[in-house]
Number of protein chains: 2
Amino acid sequence: MTESSRIKGPDGVRADARRNRERLIVAARAVFAERGIDAPMATVARRAGVGVATLYRHFPTRDALVRGAFTRQMETCAQALTEALADPDPWQGFQRLIETVCELQREERGFPAAFVAAFPDGAAEHAQSRERAERDLMTLVRRAQESGALRADFHPSDLAVILLAHCGLVTALPDDGAASRRLVAYLLQSFRADTASGPLPPPTSLSLRGLPITAVGPQGRRSSGA
Amino acid sequence: MTESSRIKGPDGVRADARRNRERLIVAARAVFAERGIDAPMATVARRAGVGVATLYRHFPTRDALVRGAFTRQMETCAQALTEALADPDPWQGFQRLIETVCELQREERGFPAAFVAAFPDGAAEHAQSRERAERDLMTLVRRAQESGALRADFHPSDLAVILLAHCGLVTALPDDGAASRRLVAYLLQSFRADTASGPLPPPTSLSLRGLPITAVGPQGRRSSGA
DNA sequence: ACTCAAGTGGACGATCCCGTCCGTTTGGAA
DNA sequence: TTCCAAACGGACGGGATCGTCCACTTGAGT
């Protein structure tokens, strides 16, 4: 308080600034959906009806814009995880979580690309929320295993594996979602303890905890390395 | 000078031309592996030790270069299919086919991207060989089902689904291959008839036969549309 | 050895995108 | 209403890639 309590907005931001920021996010989602997250920045600005400078002021880098555009989806994922943990039936929770996330990736066109792009290095920005999410995930997996529904050799990192695979699928085939649903169904069945047959190869070193994620090769989708 | 035949090639092509073409393919594979199939054409030319013009003469478009670079891999896939059909145990053949193709995608860095890029429209150029490949695939699937090992509701298009998903995975995580192996193991288990539990959602309209493949959206990896 | 068309190299104009700079507009407090 | 800092818009220089054009080199037939 002390000196300047010049209140412009709830967060001290001018009204038009906040409005433009919102417009930019909407435009970004639309443009990313149509042209992928590598679409020219200027296109997003034009779509939002603002100048490029305004875009860059609100989102200094493309990554910031991508994050901004899909923050809501990320939060929905986190919420889905919370709900999954709250489910009295651990397997049910596990299953619904996977289905929800995959559905989100199916519906929001640009999201999968953002998702995989954010993956290898995502630890940076989201460190704290990620920390919690991963702890929750491990809890969910453990519970589902203890309930006897989830196969014992399922490893938390498998979740990353199947989500990345699913991202690849929906990116390659943005169809009605039949392919995605099929893949998810197959995978869920193979995760059941009662269908488990034979041992699996060792899980990824992909930690799903903190940083030691094998750096993404030059192959990875460019454009989101905070 | 191991070049024994100093005569103009069987196809009337000059010796240096053929040599350069070969160099370009080698360079392209290397560059695509390091930087993805969107790497600058000039980089490939430099790597091959030739001028850009030479590159463009041999491969007028990036697509042509990509195809040229991975022709051998495509042929290996076809050969794997033939061998799979020859296997006395249909399930064994089916399983080995999937494992072989996925291993190829794992090892040859640029290949997965080329694979998914070539997918939606691939019918154009490779029409005839594709035709045969798809017939063979359906035969393989049918046999494996009749042997009782492959679940009855497995649909040939599921092969495309899992291969695309696998491409996405190895593209996102070009690691040592542990993730890929895990995914394949999970999927193969869920394809077994004896682990099948519960119905699957309907298969993709993705035909895997001829053309009616739902056109790839703006999302798809650019750069290989004959 | 001679010849010439096939083959080659690299410079170049065109296009696209990035991100900053700077003069102008505007929200909102006084 | 007045005023000014925050916010805005668009032009602009820089850099990268594309694909072509044209003068030069070279393989191979005679």
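All of these numbers come straight from a predicted model, not from anything done at the bench.
- For A:D38 and C:dC16, the CG to P distance is 17 Å, given to the nearest whole Å.
- Per the geometry, CG belonging to B:N20 stands 11 Å off P belonging to D:dG27, to the nearest Å.
- Of all nucleotides listed (C:dC18, D:dG27, C:dT8), C:dC18 comes nearest to the side chain of A:P40.
- Between B:R21 atom CZ and C:dT8 atom P the separation is 12 Å, expressed in whole Å.
- Atom CE of A:M41 is separated from atom P of C:dT20 by 10 Å (rounded to the nearest Å).
- When the P atom of C:dG19 is taken as reference, atom CG of A:L65 falls 12 Å away, rounded to whole Å.
- Note that CZ of B:F191 is 4.5 Å distant from CZ of B:F154, once rounded to the nearest 0.5 Å.
- Between B:E22 atom CD and C:dT8 atom C1' the separation is 18 Å, expressed in whole Å.
- Between the P atom of D:dA7 and the CZ atom of A:R23 lies a distance of 16 Å, rounded to the nearest Å.
- Formation of a donor-acceptor pair under 3.5 Å by the A:R46 side chain with backbone atoms of A:M41 is not found in this model.
- Rounded to an integer number of Å, the gap from A:R18 CZ to D:dA6 P is 16 Å.
- For DNA chain C, the neighbouring residues in residues 47-59 of chain B, judged by any heavy atom under 4.0 Å, are B:G49, B:V50, B:G51, B:V52, B:A53, B:T54, B:R57, B:H58.
- Checking C:dG28, D:dA7, C:dT8 against the side-chain heavy atoms of B:D16 singles out C:dT8 as nearest.
- Within a 6.0 Å sphere centred on CZ of A:R19, other residues, nucleotides and ligands contribute more than 12 heavy atoms.
- Between the CG atom in B:L200 and the CZ atom in A:R182 there is a gap of 4.5 Å [rounded to 0.5 Å].
- Panel note: side chain B:T54, backbone B:V50; no donor-acceptor pair is recorded below 3.5 Å.
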Can you give me the N/O atom pairs linking the protein to nucleotides 1-3 of chain C at distances under 3.5 Å, or say none if there are none?
none

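- Side-chain contact of A:E75 with A:Q79: a donor-acceptor pair under 3.5 Å is absent, judged by distance alone.
- A donor and an acceptor atom never sit less than 3.5 Å apart when one is taken from the side chain of A:R14 and the other from the base of D:dA7.
- Between atom CG of residue A:L169 and atom CD of residue A:Q105 there is a gap of 10.0 Å, rounded to the nearest 0.5 Å.
- Side chain of B:R35 to main chain of B:P40: no donor-acceptor pair is present (N/O by atom type, distance under 3.5 Å, no hydrogens or angles).
- B:N20 contributes no side-chain N or O that, together with a main-chain N or O of B:A17, makes up a donor-acceptor pair within less than 3.5 Å.
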